[in-house]
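Everything on this sheet refers to the single structure shown next.
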Amino acid sequence: MSTATTDTGEAIVDWYATAARDLPWRRPDVDAWAVLVSEVMLQQTPVARVEPVWRDWMARWPTPAALAAETPAEVIRAWGKLGYPRRALRLREAALAIVERHGGVVPDDVPTLEALPGIGTYTARAVACFGYGRPQPVVDTNVRRVVARLVHAKAEAGTARAADLEDIAALAPTDPERAVRFSVATMELGALVCVAGTPRCAVCPVRDSCAWRLAGYPAHEGPPRRVQKFAGTDRQVRGRLLDVLRAAAQPVEAAELDAAWDDAVQRSRCLDSLLTDGLVEQTPDGLFRLPHS
DNA sequence: TACCCGTGGGG
DNA sequence: TCCCCAAGGGT
C-alpha cells in the first residue's frame, strides 16, 4: 500500500521550487488566455515544439477577440506543424464562444471552461488552476504515471479513471497557493523525473514514499499499450494534403493534390474528411484551399 | 470503450 | 532503423 500523504505533496512542491523549467507560459504576468492557448498547443505536442509557436501566436492574437476575428486559413497556417490541426480550428471556435458568450473574458470555472470547443477535463482544470490560481487537481499523462507508481505501485498507468482525480487530490497541500503549485509540480515531476522511459529515481524527491519503489519495481502487468502507427495511415495522408494547401498562396487544382499521395482511393477519402472537418474548403470553381470562413 | 486525429525528436 | 511517446479531446 501507499505511504504517500500530503507530506508527499509538500515535498513535490518544494522540489518544484528548485527544479522547475522556466517556461514562458509560467511567467507571473501571463493571463488566462495565454495559459489556455499553451494548454491546447501542449495537447500531445512536446514543449520544445510549442514554445516558438506560442510566442508568435500570443504576439499576433493577444486576446480571444483578436483570434476570433481571424480566418481559419490564417489560424491553420500559424499552427504550423504542431500536429492535429483540428486543435487550431477548435481554439479559434473557443475564442469565438468566449467573445459571444462570455464578453471576451476566459471563464474561470471548470464546468464553463469544459463547455468550450476543444477544452476537456484536463485543459479546463489546467486553465482554472494555472490561469486563475484556483486550486484544482489536474490529471494529465504525467500525473497518471506518477500516481500509478507513487500510490499504486504500478509501473504504468492504465486507462484514465475518475478515481485518478481523487488519488492526486488526496496528496495536495491544504494551503491554496501551494495546492496550485502542487498541480503543476506533479506534472513537472512526471515530465522530468518520473518519466515513461527510464525513471530517474535517484533524484526523485519522494522516492522514500514511492509504493512502486518500496515494492521492488514490479513490472507492468496486462496488455502492452499498443502503439499508434503513422506511416501509410490517413493521418499521414491528411498531413501531406494539408502541407500542399498551407504552402499555396492561391487555391490549387485537384491535380496538385494528386501529387501528394499515390493511392487515389485513400487520397480521396482523406480530402473528403478534411472538407468535413473544416480544414479545407472548395471554391465555386472547384479549386481547393484552406477555409476562409 | 476504443479508436481516430499529426509530427518529429530521442533512445 | 525502428520504436516510443509527447500538458488530450471528440465520438
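Values reported hereafter were calculated over all heavy atoms of this structure, with side chains retained and with hydrogens, waters and symmetry mates removed. Order of the sequence lines fixes the chain letters, A, B, ..., with proteins taken first and strands second; residue numbering starts at 1 for each chain.
A:Ala196 comes within 4.0 angstrom of sugar-phosphate atoms only, judged by non-hydrogen atoms across all strands, and of no base. If you check every strand for non-hydrogen atoms under 4.0 Å, A:Arg125 touches nothing. If you check every strand for non-hydrogen atoms under 4.0 Å, A:Leu89 touches nothing. Looking at heavy-atom distances under 4.0 Å, A:Thr233 makes no contact with the nucleic acid at all. Across all strands shown, A:Asp234 has heavy atoms under 4.0 Å from sugar-phosphate atoms exclusively, and none from any base. Heavy atoms of A:Arg145 sit under 4.0 angstrom from primed sugar atoms or phosphate atoms, though from no base atom. Within 4.0 Å of A:Ser38, counting heavy atoms only, lies no atom of the nucleic acid at all.
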Please output the side-chain donor-acceptor pairs of residues 90-103 of chain A that fall under 3.5 Å, not counting sequence neighbours, one pair per line with the distance.
from	atom 1	to	atom 2	distance (Å)
A:Arg92	NE	A:Glu70	O	2.7
A:Arg92	NH2	A:Glu70	O	3.3

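Counting to the nearest Å, the C1' atom of C:dG9 and the OH atom of A:Tyr122 are 13 Å from each other. Across the protein-nucleic acid pair, A:Leu245 atom CG and B:dG6 atom P stand 13 Å apart, rounded to whole Å. Rounded to whole angstrom, the span from the CG atom of A:Leu279 across to the P atom of B:dG6 amounts to 7 Å. A straight line from CZ of A:Arg269 to C1' of B:dC5 spans 14 Å, rounded to a whole angstrom. For the pair A:Leu113 CG and C:dG9 C1', the interatomic distance rounds to 15 Å; values are reported in whole Å. A:Ile119 has its CD1 atom 8 Å from the P atom of C:dG10, to the nearest Å. Between the CZ atom of A:Arg144 and the P atom of C:dC5 there is a distance of 12 Å, given to the nearest Å. In this structure, the CD atom of A:Gln43 is 15 Å from the P atom of C:dA6, given to the nearest Å.
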Exercise. Please step through salt bridge (Lys or Arg N to Asp or Glu O under 4.0 Å) for the pair A:Asp109 and A:Arg125, ending with a clear verdict.
Key: CA-CA 8 Å; A:Asp109 65 285; A:Arg125 290 175 175 279; over 6 Å; no
Exercise. Dump the intermediate steps for salt bridge (Lys or Arg N to Asp or Glu O under 4.0 Å) on A:Glu156 and A:Arg145, then the final yes or no.
Key: CA-CA 6 Å; A:Glu156 300 177 20; A:Arg145 186 172 54 250; over 6 Å; no
Please tabulate the protein-to-nucleotide N/O contacts below 3.5 Å involving nucleotides 7-11 of chain B, giving atom names and distances.
from	atom 1	to	atom 2	distance (Å)
B:dT7	OP1	A:Arg246	NH2	3.1
B:dT7	O2	A:Arg49	NH1	3.0
B:dT7	O2	A:Arg49	NH2	2.9

Please write out each protein N/O paired with an N/O of nucleotides 1-4 of chain C under 3.5 Å, distance rounded to 0.1 Å.
none

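To the nearest whole angstrom, the two C1' atoms, one in B:dT1 and one in C:dG8, are 16 Å apart. Atom name C1', nucleotides C:dA7 and B:dA2: the rounded distance is 22 Å, in whole Å. Using atom P as the reference point in both C:dC3 and B:dG6, the two lie 22 Å apart (nearest Å). When the C1' atom is used for both B:dG9 and C:dG9, the distance is 24 Å, rounded to whole Å.
The ring pair (Phe, Tyr, Trp, His ring centres under 6.0 Å) check on A:Trp261 picks up nothing, with sequence neighbours excluded. Considering only residues two or more places apart in sequence or on other chains, A:Ala169 meets the side-chain contact (heavy atoms from CB on, under 4.5 Å) condition with A:Pro137. Taking A:Trp57 as the reference, A:Trp61, A:Trp79 meet the ring pair (Phe, Tyr, Trp, His ring centres under 6.0 Å) condition, with sequence neighbours excluded. Annotation: side-chain contact (heavy atoms from CB on, under 4.5 Å) contacts of A:Arg238 (sequence neighbours excluded): A:Arg86, A:Cys270, A:Ser273, A:Leu274, A:Asp277, A:Leu279.
Counting Ile, Leu, Val, Met, Phe, Trp and Tyr side chains that sit under 4.5 Å apart, directly or through other members, A:Phe230 stands alone, with no cluster partners. Grouped by direct or indirect side-chain proximity (heavy atoms under 4.5 Å, Ile/Leu/Val/Met/Phe/Trp/Tyr only), A:Val265 sits alone.
Within residues 53-62 of chain A, no residue has a heavy atom under 4.0 Å from DNA chain B.
More than 12 heavy-atom neighbours from other residues, nucleotides or ligands sit within 6.0 angstrom of CG on A:Asp29.
Residue pairs meeting the side-chain hydrogen bond (donor to acceptor under 3.5 Å, both in side chains) criterion with at least one partner in residues 186-201 of chain A, sequence neighbours excluded, are A:Arg21-A:Glu188, A:Arg26-A:Glu188. Applying the salt bridge (Lys or Arg N to Asp or Glu O under 4.0 Å) test to residues at least two apart or on different chains, the pairs with a partner in residues 242-264 of chain A are A:Lys81-A:Asp243, A:Asp243-A:Arg246, A:Asp258-A:Arg267.
Of the candidate nucleotides C:dA6, C:dG9, C:dA7, C:dG9 has the atom lying nearest to any side-chain atom of A:Thr123.
The distance from the CD atom of A:Gln236 to the CG atom of A:Leu241 is 10.5 Å, given to the nearest 0.5 Å.
Of the two residues contacting DNA chain C, namely A:Gly190 and A:Leu116, the nearest-nucleotide position lying further toward the 5' end is that of A:Gly190.
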